Structures are given as structure tokens and as C-alpha cells.
J.: 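To start, I am sharing the structure in question, which I have written as C-alpha cells.
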Amino acid sequence: MPRFDPATDWKLLLAVPAIPLAGFVVNLFLERSLPRKGDWLLTGGMFVVMAIALWMAAKAIAAGFAGEEFFHQSRQDGFAWSWLYQTGKSPDSPLNLTAGILYDNLGAAMLAVVGVVSFFVHLFSIGYMKGDRRYHIFFANISLFTFAMLGLVLSDNLLIFFVFWELMGLMSYLLIGHFAHDPGHPRNLFATSACKKAFLTTRVGDTCLLVGMMIFYWKFQTLQFTELWRLAQEEVARHGGYYPTWMTVAGLFIFGGTVGKSAQFPLHIWLPDAMEGPTPVSAMIHAATMVAAGVFLLGRTFPLMSPEVLAVVTVVGSFTALFAATIGTTVNDIKGVLAYSTISQLGFMVAACGLGGVVFGMFHMVTHAFFKACLFLCAGSVIHGCHHEQDMRRMGGLRKFMPVTFACMLASTLAIAGIPLFSGFYSKDEIIKTAFERSLTHFEGASFFAALALPAAALLTAFYMFRLMFMTFFGAYRGAEAHGHGHEDHGHAHVPHESPWPITVALCGLALLGILGGHFWLAAPGDPLASHTPPWFLRMVSLERLYGGLVAEPHVSEHVEHQAHGLALSISLGVALAGLLIAFLLYQARKIDPARIVRALGGVYHTVANKYWIDEIVNATVVRPTIGLALAQKWFDENVVDGIVNGLGILNRTLGFVSAWFDLKGVDGAVNGVGATTQAFGSVARLFQTGRIQQYVTFAVAGGLLLAAWLILS
Amino acid sequence: MDAYLDQLGSIAPEITLTVFSLIVLVQDLIQKGRNSDAVGGVTLLGLSIAFFQLLSHAGDPSRTVFGMVVVDHFAGFFKLFTLAAVAAVVFFVMSDRRERKHGVGEYYFLILGAAVGIFFMVGTNNLLLLMLGLELLSLASYSLAGFHKGSRKSAEASMKYVIFGGMSTGVMLYGISLLYGLTGTLDLTAMGASAGSGLASSLAAQLHASPVPVAIAVVLVLAGFAYKVSAVPFHFWTPDVYEGAPTPVTTFLAVASKAAGFGALLRFLGGLFMRSGVGADVLQYGARIGLLVAILSAITMTLGNFAALRQQSLKRMLAYSSIAHAGYVLLGVATMTGAGFSAAMYYLAAYYLMNLGAFGFLLYFEGITGSEDVDSLKGMGWKAPAVSVAMVAFLISLTGLPPTVGFYGKYLLFVAGWNANLGWLVLVAALNSVVSLFYYLRVAKALFLTDESSKSAAPQPLFVGFLVLLGAATVALGIYIQPLQSWAERSLDILART
Amino acid sequence: MGVGAYLAVSAALFALGIVAIVVRRNVLYVLMGIEMILNAANINFVAFSRHNGGRLDGQMFAIFVIILAAAEAAVALAIVLNVVQLFDSVNPGGVDQLRD
Amino acid sequence: MERSSKVFYALLALLALALIGGGLGAAGGEGLAFGLFAFLTVGGGLMCVFERSVVRSAFSLLATFSGTAGLFLLLGADFLAMAQILIYVGGILALILFGVMLTPPDLTERRLPRVVTGLVLVGGAVAWIGFQVRASVVWATAETLPPLESNARRIGVGFLAAGQYVVPFELAAVVLTVALVAAVYIARRKKSDLEPDAVEGDPAPRTGEP
Amino acid sequence: MHTHILTWITFVPLIGMAVILCLPRNATAAIKGVSLVATFIPLVLATQVYFGMFDKTASGFQLVERASWIAGIKAQYFMGIDGISLSLVWLTTLLLFIAVPASFNIEKAQKSYYALLMLLEVGITGVFVSLDFFLFYVFWEIMLLPMYFLIGIWGGPRREYAAIKFFLYTLAGSVLMLVAVVALRIDSGSFSIPDLISMAHAGRLTGEHLPYGGMLVGMKFATWVFWFLFVAFAIKVPVVPFHTWLPDAHVQAPTPISVILAGILLKLGGYGMMRACFPIVPGAFHEFAFVLGVLGVTSIVYGSFVALGQTDFKRMIAYSSVGHMGYVLLGFAALTEQGMNGAALQMFNHGTSSAACFLVVGVLYDRAHHRDLNGFGGISQVMPRYWALSTVAFFASIGLPGMGGFISEWMTLVGAFQSGDPRFRILVLISTIGIVITAAYLLWAMQRVFLGKLNEKYKDLPDISFREVFSQAPLLFLCILLGVFPFLLLDWMSVSVRGLVSMLGGILQG
């Protein structure tokens, strides 16, 4: 297998983000002169990116399988770019900021995932976005997004990481709002506020991340990942193996970034709304890549996290996993289900990181990217096929109309539900195993919570996913009557149809990865459950290799590991099948009427169906008070500050005069009281300037006397 | 006899002015008021002759002629500016057609007479001559203020002026009499000097015993000066008289008369308290009087500015503005230092320029709009851009913004004030100039910030050219500052021992 | 008599002059008051002139003051008569067209 | 005679007694003369301020001016006393009387409270200042008084010789010329002067005080 | 070096003004042409200075010109630039050059307009290059009058009120400055800012040559001099609570003037502090650094909140300036090399981004003739190119990484975080509220104006014209360029900033 060659590979890696960036620029400025508005150019570019990423990943995998170290920093043997200063300050100066590429096992895997998913999404979009009035903008934007994500993966430095992180936020904003520019589109109005909500909510998390970065920079005078890890270990060592408090604080702030970007409770509210964007966007940004960046951040900063932070991470992650899954069971919007599913799955990853199983979290991130992207694309295909219908209650029986989509969707559903042989099983199983392991070795509440919440979430996952499958693809088609009178004039065929080839090719590609992405069981048929050989990802990435040997694998006794493994295997299998079964009973076999359960649950159901009223709570506690505060301050500024500043000394009155002259009729309410003020102030001079000469003389004599008296008496 | 002629030569400008005043009077009588331009021309001729006579003696060392008349740089400074101002006023009268129906002979006669008064007022150390000069100026001014006989405003102005002026000069005379009693002399330079005249007492001796009598005498004399420069509390006549008097006369009062009052005031205080050679007690008491002046200065500028804020009439506003400016100049006076005095003189020079311009502007627009109201200027800036731009230069100079001559004057005043422990007064003055911005800007606002007016401006190229020239000078002297400043400093020779 | 006695008289006359200017509502009183003030000053000049060695300057000053008084009276009266004619009133308080 | 007048003249008589008596007691004959002239001066002024009729007030000034002239005489300024009588009594007072005759009389304008208040306030202030001054003043007086002699000649020489009074003398001439021309200009009436100024457009006359 | 390039940069527009005044009133094409040339020459010269004549590795002032001016008070014609002023001079020349084409749609009294614009450039550039305090003050005031007329004549309906308010506030500040200048001159005997700084550094600027040892109304010399100078500059910045002139002036001013106002005039305040306030009274600056920090954070948070409450598009942008300039003050107050660099950078970046935002507003106002945020909707559908440019401008203002604003905000915040005073860390935490709120109001505005249902009234609006793009594009290009290559500014200013920080006794890093 090829080995990493600094001479050429750094250039290749630079080309990876550069290609989509170039594509963006070209498409933005040359859209009119390009045939087909340049979609082929960008998709072709993405194919090259995918090829490079896979080629590079192959080197990493090979190294991993060979048990070799694979950890490359461009500033050591390639290039480093002084960002802030190029003369006068050395690249190593703490003031300066040097950008480089960090390419390790995790980065390689992530790069490959992003490259693959991006390519397929591009491909999918060619079919899906056909006829959109801002077609070229869409492609330009999604290209730029890809650039940002790739850059983020490659950055060796927290600040550069943050730059791409925010850039993704911008692209997310623009892409969610894609339909906001299209008045004809039914989701136009939703999109306008959804994009804003997404950006602002993640912005809160980003700001936390910024603060966390500042604290680390303040203490360590660097933001380079490797340096941070090393210094953090030294700092901990200096404190006798304990993490100082400031690191806990800083770690929590950093985790804030993850909460925002990866849609963890309570900042998850933006993600369901983000589904207003075009489906390829949901697939790529809000399922496979961008939201995973939060987890990736945890992966990059894991050595900085104190146990206290990790406990918080665990609780937040597992709670989010369970919480989002419950909502997922009640949603009827096909993309909504997937959105809550994404939140839930992200909770799994976050919880894994909190539990110390960073590697498993990352693994789940990879597999999730494949199957969730596929699910979304399938959903997109369904929506496309059903003429932009998203409500599952108006679908059904699509299996017959769209067989390819159905197959792909089924494969991905099995993957997410954690059915063995499908990719999701391997990663989710590891996470649950970690939870048990940690519960057994550390007697702490966070781990116990995770150990209870995660399997429950897995159960619900299987349930709602199969609910989706049953409602969409099985039974009879329920969309005809709605279409019958609602969209008479559309002129479309009212029967759902299979999507064109770019869509189906993309679906198939991703579905394949959804099946095989976890473990190459076809290559190792003897060990389909990966009991003996760990899946490829775990052979490539391990805790030691991830942080250059700085973080050791937690020691778990053989016995405990075995116990946990067994427990996890059985439980995850059990819950997956249980979920499937319940869904089958409810929605396919119709043995139980869902309505009865709803009635039985009463208020609980309503709470869940209304997303626990989180949006309403946030609206009431954050949004309204903020706007109220803003209005109050506006009032304060216009009436009080202006007043106080003017009132300092004489300005108020004089300004009053001026305004009075200028607004002769007192048109402006702000200066209405001015007439009176003018009178009051002017009367002093007026009092004396009576026009009567004898009074003048009197005043003058009196004034003169006062002066004389002052001179005599003082 | 040569010596006598020589002495006469020293007061040649005064003689010239007197002679020409009679000439124009007679000329007008002969011409029966039919050729007013010729009369004006002769007046200007007299003024220019006097001007060159002054210049020809400009470098001479200071000397006293006829026992009382002092010919020094200080006097020369004020005389030159007075001539320039008077010439401008005559020019204004000639440019204003409305003035022609009144007797121009008397007009120019009185103006020249007033100029003679100013010349003696600033050119003497003797209180008798000072008083005579001041009265000559006053009498001419009273009647000039009432020159529009048929106009009630003009008559009222002159009545107020004569009553206030009569009382003030009376009070001042009484003060002079007390000073005479305290020092036994009418010569300022001798008053402060230590007892060398064989008299039993002197200012120093009196101050040693008690300052109260000196205080009374000085306050009474200051009342007269305060009236002349319209400082609080002797300013009351100013707005009414300025408003009622014919505009060229107002110009004369605001510019020449007021500056002359300051010239005399500087000479009085400088000669009495600050001349080199006066005793320590006298110097110290001078500082005390300086504090009194400082208080007056603060009140004067504040009152002037605030009252000006409320005026609708540009003329009255400029009147209050001139009160405020008196306050600024008083700041320099209050320092009781050479630097302060020369700053005051510089500021007066600036004041000549910008107020001549501002009043000329007023006159120009009175001729067009027939009104003195600021509102009547609305949109005129677009009609008469050159004059209006010049006016803006005057206004920013009056406000005290660079790069104009007024700014530098204020700067010098501030520095002098600081050095003389008057930091608070500097602060008051600084804030006052902010207040003044309001009403000055109102004019600029009316001119330019409204749409073009429908009134049309009669072409008066000479007048316009004159105002533009003044405006250019206001700015140019604000950038090329050194000559005027050096001149003001050089002219401050009243403090030296003779 | 000492100089103080003359001074007392002049001070009293000065005060009366001020009072005459201020309290009476007839413009002629104002003129009379001014004359009183000038007279008061003159008494001082002459008294001091005698008591500080018979110098001439005080008396000379007094003569000039008398001349000034005459000149001022003439001008003032002309102005006052003009005003009285235009305003039909001797009350200076009624002449208040010019004011703030 | 109204009551206030009675009181006033009684007080005036008291003042006369005090001044003349006091002068007599203090310095004999000279004191008597001083007291008399002082009374004439001050009493005339008081009467001028008090009298209701402007004619009487003007005539009471006659006393003041004459009293002053008397004081000048006592101070050895005989020329000045003469000039005082000539110019003040003969010139200025006559001028004022002309003024009185040319203006409408207004007997109601005198307000006694105002007069009394003015007298008390101004008199009080002047008296207070006088006492302040008196306590500490050091007048520039010579040890001995020069003999009383006529100095008209000295004054004349002072005026006319090429001494320091030449310029003031000439200047006084200018002052008088200016005053004359000004007074004549303002007092002289041409028909056109009385037409209201077209430019200013004065409003209707406002007379009297409210 | 004996070159008069700074004089040329400063006074070429004055020549332009003279030429314009000589042209007839109706020769508008010629007037515009002359204006373009007269603003383009300084830009070329400034660029030449930037990339050719200026030695970025040298400390101290460069391209110094020195001549006696008023011998009587030892005021000099003393000009020179260092890294701090260089970038601002360049920005000035650029924005004025941009302002000319942006003004082409002004119809009223064009001759006067362009003449005043030229005069304005003279004043602003003069302030940035003056090293003599007297000269500095003169230029400072020269700038006022053209600004007054430019707002007052060509502004919106309440232009007169806004113009006088602007003039008044600035003048109120500048008279305080004048008083301080007078006192400094008396105490030091010099107007030269470098001399004053070195004297202050040597501890010889104590007010001992002043009466009462320099005390004024009960305050120590250094204290009141500091506050007088600070307030003079703070009004210009503007720092809350001296900011209320800003929204009025901005709202009423015509678009190009808003651009200059936000782009450069506000920088005069910050520049003044760096050049002529802090180094002259370093002791007092140390003493009150925390107060300054609090003011800065107040400006950030308060400005953002008030902006959030606005319904007037332009007023919102105006308040955003208050918030953004708060970072500058915070960066100063922290007294760290990084913070100071960040503040200096922020001045430039705010100059480009806010200028671009005002151009954005102007484009819309020219078409719709109102600025009510709630009165639009869906504009991006009819004006897609305009929307694209606006988005860049808005996100530059939000401080999106990759744009200049991010670097400077990051540097100021992180610089403040590392201040020797631990209280600054709290301040930084509070100021992060501003980051979120800034995004909130800009995005909300974006939503209301550009997204959603198209307001039928505006369905025929023409898209942004070439002339408008020509004005905006350089600014947006700079926003991005400096976000990617911040060293294009930082390299030039770092030596000077380092010198300043070390003189102030701040924390040097690296």
C-alpha cells in the first residue's frame, strides 16, 4: 500500500479544499457562460475531491491496518502559513497565527466521508434541483460549503478550525434560506425565518466556543491542536493529575460550540427548522457533515476536557439522544422524523465522547454520515416523486412506485436501527458497550444515565424509523385524493414516480456505504458481528494514535469488557428488533391503533408532539425578552441618554431651541416640550432686557454696586 | 518752533481728520446734498491721507507730545484699525442707497469726529484727554444712532444710548475724580508710580493703608469702560441701540467704538497697575482687579451668547454676539499680563475683520430683502454665493474655529488665561464658543440649508468684492498668522517704563 | 473745611443724580440727574485741586467737564425732543419698542 | 400743599439747620458759608428729585448749580465758579427749561414710594461706601493749603500757552462743534423726516406705561 | 527623506476644489470628472506610499515634513505617518474616491457638493498626517464645516437638526481638546506630538509649569487632560453615552456622506486616542483603563441592543457602528499588544464593512425612497445581485471569519482577555453578548428586507447598477482580502503598535 509522501501529498490535500472553492468562484461569476449552469463542473470537481480523499484515506487505512503511526502535520514537513503577520513577527510568536494541515487517521476518515457524501449530494442535486430558479447559486453555495467542511477537517489549529466552522454556519444559513428567495416555492416563508434561527442558535454556541478558545489561548498562548494537547497534559500533570478549574470552565465553553453546531439540547431547536432547506442540503449539512463537525470538535479537543466536562457531555448527549427520539416518534413530516433522528444520533456521538469512547463517537459519526445522508436523499427522492409532498400521512405504498428508493431507504433504515451487518450496528453497539463498561468501572451518575438512556433511545430509533418506512412505503398510496383537488392545475402526473438517474445513482452509492461502511463483513465473512476483528475504523483510529500517544486507552479488565460486550450486543439487538416489532404492530399490522395509545398518553403525547414546547419556551424566555430589551434600550436611548447627555450643562436647552427653530411647528414629538424650555431659559436674559432705559440704568447701578461690594468685602 | 511743528506732525492724522470732517460738512452744504458720492469720496480721501500719515510714523519710537498726547505703537495699532473700520463704514454708507436721503455731510462729519475722539482716547495717558476723546466719540455716536430722524427705532436707540452713556460717563468722571484725589495726578503713568512727586500719598500708600478707596474709584472708572465695550452689567443699551441705529452706524459702534473702548481700557489698567516700575502692592492689587474683570468676562460672554440664541433679528443677534465677544476680550484683559493684553489686541484685530464682514453682510442683505430677520435670509446663499460663503468664513471665525483669524485669537486668549491662573475662565470661554455655534450656524443654515430663494440680488460688485476680500483675509490670516501676532505683540508698549 | 466735607456733599449729589435718573418717569429728570452727577464730580476735582497743593489740573478738568456737560446737554436735549415728538411721551419707559 | 410736601419741606429745613449750624460750629464763618452752599447744593438736588412739577424741579437745580458755584468760590476757584454760573445756569439750565416747555407736562408720573425707596437705597449704598472709604482713605493732600487767590489768569495761560492744555482745548472745540452740528441736525426738522420710514415700517406709537 | 508626498496627498483635493469652484455651475460632467481625478490622485499616492515608500520594519514616524509655521507659538507644519496612521490615510483616500461616483445621482447644487467633499478630504487626511497638535486641531476643525453642510444641505428631511447636532457634539468635544492642548503647550513648551509623548514618557509632563500645578476644577493635571482629550475623541468614536448624534447624522446624511462618516470620521476618534491621548497621559490612561473598558463593552452591548430595536434600516446600521467601535475602545483599554493591534485593525475593517453597509442602504433608499425595515420584503427576488453584495457586507459586519472584521474582533477580545487586569475577562464575557445580538439584528433585517414575500410595490425595482457596484465592490473586496490576508495591514502597523504599547507600559507578547 502507498505511504504518505509529504512532497506530493500536502499539495494534494491542499487541492482538496481548493477545488470546491475554485468551483464556487467560477460558478458564481461565470454562471451565464457555462453550459448547464456549471453543475457538471462542480460535480466533476467533487468527484476529483472524492478520489483524492479516498486515495489519501487509503494510505491512512493501510497504515492503520499495519499498526503504524499515521500523524502528519504540514508545519513539520510541509508548509506553514503565517496568517496574521508575515514580517516582523515569527511564525511561532503567540501573537501570530500559523495555519497548517493536520492529517491524521481521524482527519483522513472524515475527509473521505465528506468527500464521498459531498460528491453524492452534488450528483443527487443535479436531479433534484432541476428547474430551480437559483440553480447555479445552489451549486455555488453547496460547493463553498464543501470547501469549508473540508478545510475544517484539515485544519491543525483551533482558530482556523473556527474560521471554517463559522463559514459553514454562513453556508448553512444561505442554503437553508435557499427557498426564501423563491416566492413561488411553498416553503418560502418558513425558510426565511428558519435560516435566521439556525444561524443565530448556532451563533450562541459559536460564541461559547470562542470564549473557550480565548481561555485556552490566554493560558497556553497557542491554539494549535498538538500544542494544546501537550500543554493540557503538562498542566494536568502539574496539578497532580487533576484538571484545574479553569480547564473545566474552558472545556464547558468549548462544548458549548458542540451543543450549538451538533444541535444538542437545548440548542437543538434550529435543526428541525433547518429542514426548510432543499433536501440535498439537509442530507449533507444537517445530517452528514456540518452537524457532525461539533462531534469532530469534541474529537479534536478531547484531551482538554476534564472529567467534569465529560460528565456534562455525557448527560447532555444521552439526554438529547433520548429526548429527540421521543419527539421523532410523533412527527409526521418525513424530513422532520429524520431531523429528530439526526439530533438523537448526534446525542449518541456526543455521549460516546463524554463516556471516553471518542473513537466510537467518531465511528458513529462516519457511519451515520453514510446512512443518514442516504436516508435524507431517499426522503428527497420520495418528496420529489410525490411532487413536494412531505407529510407521511399522504404517502404510503410507494414501494411499488419507487423501488430503488425503497431499497436504499430500507437498507439505511436497517443501518440506523442497528440491525447487524448494517453499518449503524457496529458503531452504535460500541457506544452502548462503552456506556455499560463505564458504568461498571466508574460508579457515576452520568454513566448510569447514559447506560439507561442510550438503549432506550436506540429502541425508539428503531421504532420511529420503521414507522416511517411503514407509513411511506407500505400500505396504500394516500396522496392521490389530496392531490386530486389541491393541485389540479399543476399539470403534473398525480402518481408518484421514480426519480431520474442522478438521484438513484447517488442513492445506491450511499446505500451501499450504509450497508458496508461499518464493517467489511463481506471481506471477513467469518466475523459479521466484528467480535474478533474490530471494524475498519477502529483498527485505523485508536485513542493513542488520535492524540499522538498523549491520551492512553482507559484500562478495562477483560472480564468487564466481555461482560459489557455481551450485554451491549444483546441489548442493542433486542431494542432494534423490539422497535421494529412495535412499529410493525402499530403501523403495518394495525394490531394496535396508534390513536388509542395517543389517548392513553394524553398530555404526555401532546407535550412530545409539540416538541416539549421548547420553541415556545425559548421564544418566551429568550427571544421576546431580548427584543423587549432592545426596544426598551431603544426607548432609553432616544429619550434618556440623549436627554442626559444633552442635559449635561446647557446643551439640552440650547438643543431645544435649535430644534424648535428647525421644527417650527413642533412637528416632531421629541422636541415638543421645547417651547416651554425656551421660555424658561430665555426669561433670564429677557427679564432684564425690558426695553426700558431706566430699568437698564437701575440694573447697571445695582450691578456696579454688587461689584464694588464684592471688591470691598472680599 | 521746529519742536512745535514736530509735535504737530505727530498728531497730523488727527488734524487731517478734523480738517476733513469740516471739509465734508461744508462740501455737502455747498452741493446741497446732491452729490453724496463725492462727499463720501472726499471722506475716504481724508481717511487715506490720515492712514498714510500714520504709516509714515509707524516705526517711530513712542513719544509724548503736547504734554498729554502719547504717540506709540499701541495707539498706532488701534488708530490704524480704526481708520480701516471707519473707511469700511463710510463705504457701507456709500453703498447703501437708503442712507442717502439723510444728510450725508453730517453723517461723514460725525463719523470723522468720532474717529478723532477715538484717536485721542487711545493715544493718551492723561485721564482728561481720555475723557475728552471718549466724550467726543460718545456724542458723535449718540447722534449717529439717531441719524434716521424720522424713524422711531433710530430715535429710541439714540435716546437710550445718550441716557445710558451720559450716566456711565458721569459715573466714570466721578471715579476719575476720586482717583485724582487719591493720587494727586491725572497721568496714569504717574499714578501707579511710587511717591516721587512730593505728594503725601500715592496709590501704593493708599493700597498699603486700605484698598477700599481704590476699589471704589476703579470700579467707577471701569463702569465707564464697561459701558463703552458693553460688558455686563453696563451692556443693556447694546442690543437696543445696535438694533435701532442705522446699520452702518451699528457697524461703527460694534467695531470701532468698542475696540477703542478696549484700547483705552487696556491703557488704563496697564498704565495703572502693570507698568514696569509700579510697586508690588499695586501689582498685586492689579491681579485682584483682574479677577473682577474675569468675573465680568465670564458673565458677559455667557449672557451674550445665551441671549443671542433667542434672537430672530440678525442685527440684534450680532449685537449680543458683540457682547459675547467683549467677554472674550475681557478674558485677555483679566489676565493682567502682557501676554493677555497682546492676545486681547490680537483678538480685537480679528474682531475688526470678522464683525466688519458680518455687518457688511447684514447691510448687503437688508438692501435685498428689506428685513433684518435671519429667516429672511432663507435660501439666499444660492442667490449670492460669494457673499454668503464669505459670511460663513466670518461665522466660523466668530465661533472660533480654525483656520480663521478668530480661532487663533481665541487660542492666544486661552493660553494667556491659563498662564494667569484663569483656567476656569478658559473653560467657560471654551464652552461658550460651543453655545455660540448655535446661533452662528443658524445664519449658515438659513443661507444654505433651504432651497434657493426667489428673491433676486442686485449686482453690487464693489460691495461683494469688499466682503469677499474680508472673508479671504479672515481665513488667510488664520493660516498665515505670524505677522498679525507679531504686530500685536510689538504694539504692546504701554507697559514699559517711559 | 477739610476735603472730606466737600466729598460728602459731592457724594450726596452723586447719589441724588442717580436717584433722579432712576425714579422719575420723565426723560428730563434723567438729563438733570446726569448734570448732577457731573457737578458732583466737579466738586471733587476742585476740592482735591485745592487740597493737594493748589495744582491747576483739577480745576482745568472741571472746566472741561462743564464744557462736556454743555455739549452733552445740547445733544441729549435734541435727541430727547426728537423722541418726545415721535412717541408723544416724555416717559422713557414708554419708549420700549426695542427690546427682547 | 399736600402732606408729603409738608413733611419734605420740614425735613429740608432741618437739613438746612443741620448743615449751616454744623458748618458754623465746626469752622466759623467759612463753615457757615460752606454749610449754606452745601445745603443749596444738596437741598436743590433733593427738591429736584422730589418735586412733582418738572418746572419746579428744573428751577430747584438752579440752587444746586449755584451752591456748587459757591463751593467753588470757597475752594478758591473763582474762574470756575463764574464759568459754572455762566454755563450751567445760563446755558444748560436754560436748555433744560426749553426742554420742559417743549414737552407735555406729566404731573402724575411721580410716585412717592418709588422716590423714597430710591433715595433710601441709593443713599444707603453711597453712605455705606462712604463710611468704608472714610475709615481708611489717604487722600493725596498737601500739608498746607495754598492761599486763596484768583486763578483765572493761570487758567487762561494754561489754555492758551503752548503748554499741555492746548490739545484738550482744541479738542473741546471739536467736541462743541460736533455737539452743535449733531444737535442742529437732529433738532432741525425737514418735512421728509417726519414721514415714517418706508423701509422700517414702524408700528403705531405706544405711549405711556401700562 | 525629503519628499512632500504627504502634503500632496493632503492638499491635492484642495486644488481640485479650487478647480471646481472655477467651473461654471452647470458643467456637471466636468465637475464630476475633476472630483474623480482629485480624489484618485491621493489614492494613487497613498498606495505608492503604502507599498513603496513606507518602511514597515522601521519604528517612528516616516516621510516627515517639518517647517516652521507660527513662530510665535512654535506651532509647526509637522507631518509624518507611522503604521497606525498609514492604513487610515489610505482608507481615507479610498473612501473619498468611492464617495465621488456614489454621489453621481445627487442633483442638487452639484458644484458646491463636490467642492465641499474635496474640502472634507483635506480635513480628514490632514488629521491623520499631522504630528503637530496645533495643526492636528486645525485640521480637526476644518473637517467639521464641510460635514455640516454636506449633511445639512443634501441630507434627509430632518437634516438641519442632524447637522447641527453633529456639529455641536463634535465642537463640544473639540473645545475640551483645545483647552487640553493649551495646557499641554504651556506645560511642555511644544506642540509636537512626538515631543509631548517623549516628555510624557520621561515623566516630565506633570503640569508643573501651569498655575496650581495644573489642577483644574479639583482634578489633577493628568486626570483632566486625559478626560478632556478622551471625551473629545470619544464623541467622535462614538462611545456610549456620547453617541446620540450618530444615528441622527447617519440617517439624515446622503449615502456617500454616511459612508465617509462611518468609514473614516469615526476612526478619527480612535486614531486620536492612539496618537494624542493615551501616550500623552499614560498614567491617567492606566488609572482609568478599566473605566474605558467598561465604556467599550457598554458600547458593544448597548449599541447592539439598540440596533436590534430599530425599524429604520439606516439607523440600525448607525447603531451597529456604535457597537463595532466599542471593540476598538475595549482593545485600547486592555493595554496588550494584541488588543491594540486588534483595535487598530478593527478601525480599518469597520471602515470598509460599515461603509459597505451604508452603500447597501443607499441603493435601496434611492429606489424605494424609504428605509422602513418592515416596508420591504422579498427584495432579493428582484435584485439578486444586490442581495449578494448585501450579504457579503452584512456578514462582514457580523464578523464572519474570512472577513476582516473577524480578525480584528478576535484580536481585540483575545487581547482584552489577556489584560493584566483580571476584571477585563468579565468584560470580554459580557461583550460576547454583542456578538450574538449583532448577528441577530443583521439577520433579522436581512429577513425582513430581502427574504420572504415580495412586496408588490417593489416588483419592478431595477437591480444594482454598474456605478453602484463600482462603489461597493472595492470595499467588499477589502473585507474579504483582509479577512484572508490580514498581514496586509498588520505587518505595516505592528511595529508602531508595539512601540505604542511598550511606551504605555502594556503587555507585549511574542
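Nothing here was measured: the structure is a model prediction, and the numbers come from that model. The figures that follow rest on heavy atoms only: side chains count, while hydrogens, waters and symmetry mates do not. Letters go in sequence order (proteins before strands), and every chain restarts at 1.
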J.: Under a 4.5 Å heavy-atom cut-off, does chain E meet the side chain of B:T399, its backbone, both or neither?
T.: side chain

J.: Measure from the ring center of B:Y411 to the ring center of E:Y137 and say whether it is less than 6.0 Å.
T.: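 No, the ring centres sit 6.0 Å or more apart.
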
J.: Need one label for E:S112: side chain, backbone, both or neither, based on atoms under 4.5 Å from any heavy atom in chain B.
T.: side chain

J.: Report which part of B:L441 has an atom under 4.5 Å of a heavy atom belonging to chain E: side chain, backbone, both, or neither.
T.: both

J.: For E:K74, look at atom NZ and say whether over 12 heavy atoms of other residues, nucleotides or ligands are found less than 6.0 Å away.
T.: no

J.: Going by heavy atoms in the side chains, are B:W382 and E:I153 under 4.5 Å from each other?
T.: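 They are in side-chain contact.
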
J.: Need one label for B:I479: side chain, backbone, both or neither, based on atoms under 4.5 Å from any heavy atom in chain E.
T.: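 The answer is both parts of B:I479.
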
J.: What part of E:F167 is in contact with chain B, defined as an atom under 4.5 angstrom from a non-hydrogen atom: side chain, backbone, both or neither?
T.: both

J.: What is the distance from atom CG of E:L210 to atom CG of B:N421, rounded to the nearest 0.5 Å?
T.: 9.5 Å

J.: Does the side chain of B:V415 come within less than 4.5 Å of E:I73's, by heavy atoms?
T.: no

J.: Answer yes or no: is there a side-chain heavy-atom contact under 4.5 Å between E:V181 and B:F414?
T.: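 They are not in side-chain contact.
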
J.: To the nearest 0.5 Å, tell me how far E:L171 CG sits from B:L437 CG.
T.: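 Atom-to-atom, E:L171:CG and B:L437:CG are 5.0 Å apart.
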
J.: May I ask you to decide if the ring planes of E:W224 and B:W418 are parallel, tilted or perpendicular, using 30° and 60° as cut-offs?
T.: parallel

J.: Evaluate the criterion side-chain contact (heavy atoms from CB on, under 4.5 Å) for residue pair B:K410 and E:L178; output intermediate values, then yes/no.
T.: CA-CA 10 Å; B:K410 261 193 193 130; E:L178 181 61; 5.6 Å; no

J.: Nearest 0.5 Å, what's the CZ-CD1 distance between B:F438 and E:I164?
T.: 5.5 Å

J.: Side-chain contact, heavy-atom cut-off 4.5 Å: E:V182 with B:V426?
T.: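 The answer is no, as the side chains (C-beta and beyond) never meet within the 4.5 Å cut-off.
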
J.: Assess whether atom CH2 of E:W8 is packed by more than 12 heavy atoms of other residues, nucleotides or ligands within 6.0 Å.
T.: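 No.
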
J.: Between B:A444 and chain E, which part of the residue has a heavy atom less than 4.5 Å away: side chain, backbone, both or neither?
T.: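 Both parts, backbone and side chain.
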
J.: Under 3.5 Å, side chain of E:E141 to main-chain N/O of B:L401, donor-acceptor pair present?
T.: no

J.: Taking E:V138, E:L176, E:L144, E:L145 one by one, which has the highest count of heavy-atom pairs under 4.5 Å against chain B?
T.: E:V138

J.: Verify whether the ring centers belonging to B:F448 and E:Y148 lie closer than 6.0 Å.
T.: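 Between B:F448 and E:Y148, the centre distance exceeds or equals 6.0 Å.
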
J.: Search all heavy atoms of E:V179 against all heavy atoms of B:A430 and return the closest pair with its distance.
T.: CG2-CB, 3.7 Å

J.: What pair of heavy atoms forms the shortest contact from E:R25 to B:P385, and how long is it?
T.: NH2-CG, 4.5 Å

J.: Sort B:S433 into side chain, backbone, both or neither according to what part of it lies under 4.5 angstrom from a heavy atom of chain E.
T.: both

J.: Taking all atoms of both residues into account, what is the closest heavy-atom pair of B:L449 and E:R159, and its distance?
T.: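 Heavy atoms only, the tightest pair is O-NH2, 3.3 Å.
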
J.: Apply the test side-chain contact (heavy atoms from CB on, under 4.5 Å) to residues B:L427 and E:F228: give CA-CA distance (whole Å), side-chain angles for both, the deciding distance (0.1 Å), then the verdict.
T.: CA-CA 11 Å; B:L427 205 57; E:F228 276 26; 3.4 Å; yes

